[in-house]
2 protein chains.
Amino acid sequence: MKIGELALAAQCTVETVRYYEREGLLAAPARTSANYRSYGASHLERLRFIRNCRALDMAHDEIRALLVLAEQPASDCHGVNHLLDEHIAHVNTRIAELTQLKSQLDELRRRCQHEQPVEACGILKGLALMEPETRKEKHTHLG
Amino acid sequence: MKIGELALAAQCTVETVRYYEREGLLAAPARTSANYRSYGASHLERLRFIRNCRALDMAHDEIRALLVLAEQPASDCHGVNHLLDEHIAHVNTRIAELTQLKSQLDELRRRCQHEQPVEACGILKGLALMEPETRKEKHTHLG
DNA sequence: GCTTGACCCTACAGTAGCTATAGGGTTTTC
DNA sequence: GAAAACCCTATAGCTACTGTAGGGTCAAGC
């Protein structure tokens with residue numbers, strides 16, 4: 001299988017496949033005499049796995065860890081479960097942050113119901129007068 | 001005011017202030033004879049405005065647009081209101097995406113309630129077998 | 001046999017919003 | 001007068017790609 005076929009089968013771009021190889025997520029395949037990458041079924045399986053993890057917004061580090069765990073078929077899957085729990089916690093954290101943000105934004109929006117001169121706009125006043133918060137550290141990789 | 005004092009007053013780092021200057025968000029201040037940046041009250045006001053916008057997860061482009069609008073005090077604030085509405089829409093979109101993600105993750109998590117050998121783990125099976133989705137474009141700048 | 005177009009290759013720059021580092025100079029405090 | 005605390009510029013790094021430049025390869029049609 002050439003790289004274009006692989007990318008198509010996994011619903012991603014050729015550039016993304018080459019990027020994953022550079023990142024060490026996907027093993028480097030054999031090359032043809034013309035130096036074209038030549039993939040087998042196992043590459044597609046792994047790429048699909050990676051893309052599915054990405055569709056769930058997992059970070060590359062999380063995926064790398066999962067792949068390592070998956071490569072020891074006989075050991076127990078506690079690590080896998082734990083990793084997923086932590087990822088779910090990231091998502092929950094980010095949802096909570098955004099929900100809080102939304103209520104702040106809704107409150108701000110209510111300060112200017114009608115069009116008026118910019119100098120009287122309640123939104124701009126609000127943005128000028130909010131107390132700057134100490135920047136909180138990120139607890140998730142979700143932006 | 002020196003850069004360290006300004007940064008402290010606006011609850012951000014010195015590096016961030018210099019970065020905003022390079023980005024054109026914050027005007028370049030006068031310099032002392034030792035080439036130190038020397039800020040006045042208007043710089044602090046503007047920096048606070050920017051930090052408050054960032055606390056609400058606005059992108060630099062959105063902030064730049066707001067600053068331009070705010071600089072025409074006599075014109076009406078329709079543009080400001082519209083910009084905020086669009087930003088609120090971004091946040092709503094991202095909350096919806098993450099909520100959908102969460103339900104997918106919860107479903108996946110339910111597939112492995114007990115520790116078992118990795119090769120039998122329902123989570124790993126799920127990740128291997130999900131259908132790869134066509135990557136959807138981003139409609140928000142929120143990650 | 002030759003061209004055209006679709007595919008492949010490497011290497012590198014760009015995205016967003018910072019953060020960190022190297023390698024210097026200045027000012028303040030003891 | 002020395003050390004700590006501050007300032008300066010320039011540059012690289014972070015994440016997960018995307019896009020570009022400048023090439024090589026291959027199959028089909030004339």
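Each chain gets a letter, A, B and so on, in the order the sequences are listed, and its residues count up from 1. Worth knowing before you read on, the calculation uses all heavy atoms, side chains too, and leaves out hydrogens, waters and symmetry mates.
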- Task: Decide salt bridge (charged side-chain N to carboxylate O under 4.0 Å, His left out) for B/D106 and B/R110; before the verdict, give the C-alpha distance in whole Å, the side-chain angles of both, and the deciding distance to 0.1 Å.
- Result: CA-CA 6 Å; B/D106 286 343; B/R110 262 178 255 122; 5.3 Å; no

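The aromatic rings of B/H43 and B/Y39 sit perpendicular, their planes meeting at an angle over 60°, well past the 30° parallel limit.
Note on B/R94 versus A/D57: salt bridge recorded, some NZ/NE/NH1/NH2 to OD/OE distance being below 4.0 Å. Ion pairing between B/R48 and B/E45 fails under the 4.0 Å rule for side-chain N and carboxylate O.
Residue pairs meeting the salt bridge (Lys or Arg N to Asp or Glu O under 4.0 Å) criterion with at least one member in residues 25-36 of chain B, sequence neighbours excluded, do not occur. Annotation: salt bridge (Lys or Arg N to Asp or Glu O under 4.0 Å) contacts involving residues 59-73 of chain A, sequence neighbours excluded, comprise A/E23-A/R64, A/R46-A/E71, A/D61-A/R64.
With a 4.5 Å cut-off on side-chain heavy atoms, B/L56 and B/V91 do not count as touching.
For the pair A/L8 CG and C/dC7 P, the interatomic distance rounds to 10 Å; values are reported in whole Å. Here the C1' atom of nucleotide D/dT9 and the CD atom of B/E21 are 12 Å apart, to the nearest Å. The CZ-P distance, from A/R31 to C/dC8, rounds to 12 Å in whole Å. With rounding to whole Å, B/D57 atom CG is found 9 Å from C/dG17 atom P. Between the CD atom of A/E62 and the C1' atom of D/dA16 there is a distance of 13 Å, given to the nearest Å. Nucleotide C/dG14 holds its P atom 17 Å from the OH atom of A/Y19, rounded to whole Å. The nearest whole Å value for the distance from the CD atom in A/E23 to the C1' atom in D/dT18 is 14 Å. Spacing between atom CG of A/L25 and atom C1' of D/dT15 amounts to 12 Å, rounded to whole angstrom units.
Residues passing the ring-ring contact (aromatic ring centres under 6.0 Å, His included) test with A/H90 are A/H141, sequence neighbours excluded.
Residue A/S38 is the one, among B/T16 and A/S38, whose nearest nucleotide of DNA chain C lies closer to the 5' end (criterion: closest heavy atom). Map A/A59 and B/E5 each onto its nearest nucleotide of DNA chain D; the residue landing nearer the 5' end is B/E5.
Remark: nothing in residues 83-103 of chain B comes within less than 4.0 Å of DNA chain C through any heavy atom.
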I'd like a list of close polar pairs between nucleotides 19-26 of chain D and the protein, N/O only, cut-off under 3.5 Å.
unit_1: D/dG24; atom_1: N2; unit_2: A/Y36; atom_2: OH; d: 2.8
unit_1: D/dT25; atom_1: O4'; unit_2: A/Y36; atom_2: OH; d: 3.2

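Distances were taken from every side-chain heavy atom of A/R51 (C-beta onward) to each of C/dG17, D/dC17, D/dC8; the shortest belongs to D/dC17.
With B/Q72 contributing its side chain and B/L69 its backbone, the two residues share no donor-acceptor pair below 3.5 Å. Counting only distance, with no hydrogens or angles, the side chain of A/R109 and the backbone of A/C112 share a donor-acceptor pair below 3.5 Å. A/D76 places no side-chain N or O within 3.5 Å of a backbone atom of B/Q116 that could act as its donor or acceptor partner.
Under 4.0 angstrom from either OP1 or OP2 of C/dG17 there lies no side-chain N or O belonging to B/Y20. Remark: B/H60 is not in phosphate contact with C/dA16, judged by side-chain N or O atoms under 4.0 Å from OP1 or OP2. Taking side-chain N and O atoms only, B/R37 has a distance below 4.0 Å to OP1 or OP2 of D/dT9.
Counting non-hydrogen atoms under 4.0 angstrom, B/H141 reaches nothing in the nucleic acid.
Taken to the nearest 0.5 Å, the CG atom of B/L47 stands 11.0 Å off from the OG atom of B/S42.
Over its full length, the helix from C/dG1-D/dC30 to C/dC30-D/dG1 turns its helical axis through 20°, comparing axes from the five pairs at each end and rounding to 10°.
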